[in-house]
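Okay, structure first, notes after.
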Amino acid sequence: MSSLLRFNKLRNNIWSSCPSRLLMQHAGFSSAKNVDPRSYGKRHFTTRVQETDSLHGAGPGSCISGIQPFRFQQTSEHDRSATILIFDTETTGYFHKNNRIVEFALRDLSGGKNSTFETLINPERDVPKFLSAVNNITTALVCRPDVPRFGDVLPLLLAYVRSRQTPGKPVIWVAHNAKTFDAPFLAQEFDRCSAQMPEDWLFVDSLRLARKLPKLPKSDENIHLLNLVALSKRYGISVEKPAHRAMQDVTMLCQVFQRITFHLKLTYEGLVNEAIKATDFSKVPK
DNA sequence: TCACCTTGGTTTAGAGCAAG
DNA sequence: CTTGCTCTAAACCAAGGTGA
């Protein structure tokens, strides 16, 4: 299959039409003629870039309260150019060496159009039933020919991130327990594709940041804990119920992360100091 | 000077917790 | 269900202070 045909096949599964030209350019294609926007809404989607005028303008049922375009405590010239991506992965298990990603979602904290990216991923293996019970992601849902493998999503993801990145500035990826869970999983998938994560990608673990918050006394509602739900409760963020779907968790973490950075008076420099280089997770030699 | 006690720092082991 | 990180308590050791 030619790379262009493959791109179009994948692109047909993307809901939004807006970023197609941009993604094509970043993915190295010279023309967007073969991408037909009319087909987007007709297909079962597995990958989508959300097209909203703002984080608050996604329409009924999709309004995200509490998320504002991100600003650091002490503004500096770096703040305007920092690209901060909140992300989350759903997987087939805990340990990245034996398991695969089945869903990936991210949100650019700067907001604006096309600020989200989410996709199901074909893990090419069964999803354990006890995990399907947690996140409703079943083997039948993801192990299908029209669900892209990570290797298929990779060029789109790289192109998307590049389209959000300020040239010459790093991309800061934030996830809860990123250090031991999300980042190693992502690195493992890159390794499986024999790909190297860009050197200017940095990973920040919001769990590590949360541990720096003042400790609360133990309570029946468990708001002294540091998981996402507990932190949401702590900051008065409404939680319907633990979703364990990537984009829902990303949305929750967006709000939690902004409050943590505010609480800790974290600056851009402080955040970078907390970060781990993407290359520290990868085993693929440069 | 020696023995004993207290204090402070370091190391170690185990529990708790975070993620799907 | 797994793995790894962090925290805490206990154990250990060295140094310093005090009294006989």
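A, B, ... follow the sequence lines: proteins, then strands. Residue 1 opens every chain. The figures here come from the full heavy-atom set of this structure, side chains too, leaving out hydrogens, waters and symmetry mates.
Between A:Trp201 and A:Phe281, a ring centre-to-centre spacing not shorter than 6.0 Å is recorded.
Defined by atom type and a distance below 3.5 Å, a donor-acceptor pair is missing between the side-chain atoms of A:Asp108 and A:Ser115. Side-chain N/O atoms of A:Asn99 and A:Thr91 include no donor and acceptor closer than 3.5 Å.
The listed nucleotides are C:dC1, C:dC5, C:dC7; the one nearest the side chain of A:Arg208 is C:dC5.
Once you apply a 4.0 Å limit to the heavy atoms of chain A, the touched nucleotides of DNA chain B run 5' to 3' over B:dC17 to B:dG20.
Under the side-chain contact (heavy atoms from CB on, under 4.5 Å) criterion, A:Asn98 pairs with A:Phe95, not counting sequence neighbours. Residues that satisfy the side-chain contact (heavy atoms from CB on, under 4.5 Å) test with A:Leu226, not counting sequence neighbours, are A:Leu207, A:Ala210, A:Arg211, A:Leu231.
Atom CG in A:Leu226 sits about 9 Å away from atom P in C:dC7, given to the nearest Å. A straight line from NE2 of A:His176 to C1' of C:dC5 spans 13 Å, rounded to a whole angstrom. Straight-line distance from the CG atom of A:Asp182 to the P atom of C:dT3: 18 Å, rounded to whole Å. Here C:dC5 presents its P atom at 16 Å from OH of A:Tyr94, a figure rounded to the nearest Å. Atom pair A:Gln188:CD and C:dT3:P shows a separation of 14 Å (rounding to whole Å applied). One interatomic measurement links the two molecules: CG of A:Leu225 to P of C:dC7, which rounds to 14 Å at whole-angstrom precision. When rounded to the nearest whole Å, the span between CZ of A:Arg211 and P of C:dC5 equals 10 Å.
Across all strands shown, A:Lys129 has no heavy atoms under 4.0 Å from either base or sugar-phosphate atoms. Within 4.0 Å of A:Thr89, counting heavy atoms only, lie sugar-phosphate atoms of the nucleic acid but no base atom. Looking at heavy-atom distances under 4.0 Å, A:Leu207 makes contact with sugar-phosphate atoms alone, never a base. Looking at heavy-atom distances under 4.0 Å, A:Asn136 makes no contact with the nucleic acid at all. No engagement by A:Ile137 is indicated, since no non-hydrogen atom pair under 4.0 Å with the nucleic acid exists. Contact annotation for A:Phe130: base contact, defined as any heavy-atom pair under 4.0 Å involving a base atom.
Residues A:Glu90 and A:Arg245 are not paired through a salt bridge, judged by the lack of any N-O separation under 4.0 Å between the basic side chain and the carboxylate. Salt-bridge formation is not detected for the pair A:Lys277/A:Asp280: no Lys NZ or Arg NE/NH1/NH2 atom is positioned less than 4.0 Å from an Asp or Glu carboxylate oxygen.
Stacking between A:Phe95 and C:dT2 is absent: the ring centroid is not both under 5.5 Å from the six-membered base ring centre and under 30° in plane angle.
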